[in-house]
Amino acid sequence: MRLFTAIAALRCYLNLQKSAAPDVTVGLVPTMGSLHGGHLSLIQRARQENAIVLVSIFVNPLQFGPTEDFQDYPRNLDRDRLLCQEAGVDVIFAPAATEMFGNSGITETNKTAQTQIQLSSLTQVVPPPAMTSVLCGKSRPGHFQGVAVIVTKVLSLVQPTKAYFGQKDAQQLAIIRQLAVDFNLPVEIVACPIAREESGLAMSSRNQYLTAEQKQQACALYRALQQASKTFALGDRTAAAALAAARAEVAREPAVKLEYAELVDPDTLAPLQVVETAGLLAVAARVGSTRLIDNLILRNRRPIVAIDGPAGAGKSTVTRQAAKALSLFYLDTGAMYRALTWLALTTGTPISDECAIAELVSGSYLEYNIDPGSLTLKINGEDVTEAIRSLEVTSRVSEMAAIRSVREFLVQEQRRCGKKGGIVAEGRDIGTNVFPDAELKIFLTASVQERSRRRLLQLKETDRANISLAELEQDIALRDEKDSTREFAPLRKAADAVEIQTDNLTVDEVIDRIVGLYKQRIGPES
């Protein structure tokens with residue numbers, strides 16, 4: 001593991017890595033140090049998904065108000081280094097404030113130079129006021145502007161493939177996502193679930209300020225979120241009901257001084273009166289002198305079942321039948337790739353020309369009816385439901401699916417189709433990338449030998465069995481390696497997915513297991 005404090009050294013390292021492997025993936029975990037289990041969960045996710053994991057450690061003076069705890073904010077670089085080493089981090093970037101900001105706005109006083117950096121002396125990054133003036137922004141003016149400046153700088157320096165942020169800082173996450181979209185930054189902002197202590201208390205660097213008794217008292221915030229969630233689950237989708245339940249629970253713990261409890265749109269942070277699809281229930285409070293935040297996403301949708309797995313594991317057959325057994329819609333993601341392949345072929349756009357394909361895709365739109373009784377797929381207004389099944393499309397769809405711009409476009413389309421839930425979808429990154437919040441995730445797999453045997457039987461049925469079992473095994477093993485190591489949307493089992501090994505199972509037995517898991521996780525009435 002390398003530790004860099006200089007921008008020049010960091011750039012040198014990254015340039016060397018990218019020169020050796022131009023497609024190398026870099027996962028960035030921005031932190032202010034004082035690492036805890038929440039940070040480690042982000043690092044673990046980054047480690048699973050990237051060749052290089054970089055952790056930045058910088059206590060950003062720009063996001064602390066005059067009366068906030070900048071000077072006292074916990075710092076322990078030696079301990080952080082040890083934790084990063086154990087977690088498999090490749091690089092720590094831990095610059096001084098003067099390295100990040102130069103001498104802009106720094107004046108020498110009796111206080112440390114770090115506290116004297118003035119935001120007004122720097123080039124401004126101003127998030128939408130509607131996003132910074134609500135929730136924590138009401139009591140922390142300038143905070144999110146300071147966050148936006150430092151995040152923009154770090155993203156510019158590292159230029160990561162993905163950057164990982166915790167859902168606990170939900171307002172920060174929404175603002176950073178908007179920043180990345182508005183500036184067209186070529187980075188995927190990955191939201192990771194809140195890590196909690198056994199008591200339910202959200203992990204935070206500031207928890208170490210709390211006494212043992214205060215920690216127990218602070219659990220009232222988590223209980224408040226749970227009470228609101230129960231009210232929501234009973235059918236009352238209004239903000240008034242959820243907030244009343246949350247506030248009542250906090251009121252039962254006098255030591256916890258509630259600052260706010262609000263229900264807003266998770267993306268725009270606009271206040272909600274009723275949750276149509278999703279609502280962010282956010283709370284902030286003080287326990288003693290320590291300010292704590294927590295939140296929960298309330299979803300008003302039918303469940304989503306995500307089925308991933310390697311090629312030849314029977315995902316398509318299982319997904320179709322599982323959808324029918326669960327009375328959910330089958331989202332045929334393969335048909336979407338076929339539609340774009342059909343479009344490229346009919347417009348004469350070379351699939352080998354990735355730039356031309358990106359241009360073509362960006363100006364296209366899909367209309368998808370997932371009702372089995374009237375299943376239709378249109379692209380740019382033309383019904384292609386039957387046309388996409390042609391041999392020509394079939395022979396080129398794999399080539400089309402490997403193009404990054406195509407996959408990025410269709411991930412957004414698939415998420416749009418799943419906005420109200422009620423679907424079963426399959427692929428190789430449905431549970432990890434497309435629907436990471438799916439209520440049930442299945443990783444359907446089988447041995448290379450079994451998948452090869454099944455494939456050979458299929459080929460015999462079509463009189464195309466001019467390949468040996470050994471050759472099929474070699475081909476499938478090679479595809480597994482390519483699928484699991486590709487830069488974009490690699491095949492990977494989600495951490496919370498249930499693996500079903502199908503070597504000795506019939507299709508009906510697999511369906512029975514999925515239905516049983518669904519009822520166990522979600523309930524028979526969903």
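Here, residue 1 is the first one in the sequence, and each next residue gets the next number. Given the structure is predicted, the values throughout are model-derived calculations rather than measurements.
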Could you state the interatomic distance from [atom1] ([X]) to [atom2] ([Y]), rounded to the nearest 0.5 Å?
X: Glu354; Y: Met400; atom1: CD; atom2: CE; result: 10.5 Å
X: Lys18; Y: Tyr13; atom1: NZ; atom2: OH; result: 11.0 Å
X: Leu157; Y: Leu14; atom1: CG; atom2: CG; result: 9.0 Å
X: Arg11; Y: Leu16; atom1: CZ; atom2: CG; result: 14.0 Å
X: Asn60; Y: Thr31; atom1: CG; atom2: OG1; result: 11.5 Å
X: Asn76; Y: Ser205; atom1: CG; atom2: OG; result: 11.5 Å

Are the side chain of [X] and the backbone of [Y] linked by a donor-acceptor contact shorter than 3.5 Å?
X: Thr333; Y: Glu426; answer: yes
X: Ser364; Y: Leu360; answer: yes
X: Ser229; Y: Leu225; answer: no
X: Asp169; Y: Gln172; answer: no
X: Glu99; Y: Ile7; answer: yes
X: Glu382; Y: Ile379; answer: no
X: Asp80; Y: Leu35; answer: yes
X: Ser362; Y: Glu359; answer: yes
X: Thr268; Y: Asp265; answer: no

Evaluation steps, side-chain hydrogen bond (donor to acceptor under 3.5 Å, both in side chains), between Thr394 and Arg338: CA-CA 7 Å; Thr394 300; Arg338 286 174 172 271; 2.9 Å; yes
Charged N-O contact under 4.0 Å between [X] and [Y]:
X: Asp332; Y: Arg320; value: yes
X: Glu439; Y: Arg301; value: yes
X: Asp308; Y: Arg492; value: no
X: Arg454; Y: Glu450; value: yes
X: Arg396; Y: Glu392; value: no
X: Lys441; Y: Asp429; value: no
X: Arg451; Y: Asp503; value: no

How far apart are the closest heavy atoms of [X] and [Y], and which atoms are they?
X: Ile430; Y: Ala306; result: CG2-CB, 3.4 Å
X: Gln63; Y: Val147; result: OE1-CG2, 3.6 Å
X: Gly421; Y: Ile304; result: CA-CG1, 3.8 Å
X: Leu42; Y: Cys192; result: CD2-CB, 3.2 Å
X: Leu155; Y: Ala163; result: CD2-CB, 4.0 Å
X: Leu377; Y: Ala335; result: CD2-O, 3.4 Å

Would you say that more than 12 heavy atoms from the other residues, nucleotides or ligands in this model lie under 6.0 Å from the [atom1] of [X], or not?
X: Asn504; atom1: CG; value: no
X: Gln449; atom1: CD; value: yes
X: Leu478; atom1: CG; value: yes
X: Lys378; atom1: NZ; value: no
X: Gln474; atom1: CD; value: no
X: Lys419; atom1: NZ; value: no

A side-chain contact here means heavy atoms from C-beta on lying under 4.5 Å apart; do [X] and [Y] qualify?
X: Ile357; Y: Asp353; value: no
X: Lys168; Y: Ser204; value: yes
X: Cys417; Y: Ile423; value: no
X: Asp294; Y: Tyr222; value: yes
X: Tyr164; Y: Asn50; value: yes
X: Leu328; Y: Tyr518; value: yes
X: Leu340; Y: Phe409; value: yes
X: Ile52; Y: Thr25; value: no

Audit row: Thr277, Asn300, side-chain contact (heavy atoms from CB on, under 4.5 Å) steps and yes/no: CA-CA 5 Å; Thr277 54; Asn300 182 17; 5.8 Å; no
Test side-chain contact (heavy atoms from CB on, under 4.5 Å) applied to Val151 and Ile175, step by step: CA-CA 11 Å; Val151 170; Ile175 289 169; over 6 Å; no
Evaluate side-chain contact (heavy atoms from CB on, under 4.5 Å) for Thr502 paired with Ile500, printing each intermediate quantity in order. CA-CA 6 Å; Thr502 66; Ile500 299 180; 4.1 Å; yes
Verify salt bridge (charged side-chain N to carboxylate O under 4.0 Å, His left out) between Glu408 and Arg404, making sure each step is shown before the conclusion. CA-CA 6 Å; Glu408 288 178 338; Arg404 186 184 185 101; 3.0 Å; yes
Classify the side-chain pair Asp383/Thr385 by whether it contains a donor and acceptor separated by less than 3.5 Å. yes
Using only heavy-atom distances, determine whether the side chains of Ser484 and Arg428 contain a donor-acceptor pair under 3.5 Å. no
Please walk me through it: do Leu517 and Leu440 pass side-chain contact (heavy atoms from CB on, under 4.5 Å)? CA-CA 8 Å; Leu517 286 166; Leu440 175 61; 4.2 Å; yes
With respect to Asp90, which candidate in Gln17, Arg2, Arg47 satisfies the side-chain hydrogen bond (donor to acceptor under 3.5 Å, both in side chains) definition? Arg47
Quick one: which residue pairs count as a side-chain hydrogen bond (donor to acceptor under 3.5 Å, both in side chains) with a foot in residues 148-161, not counting sequence neighbours? none
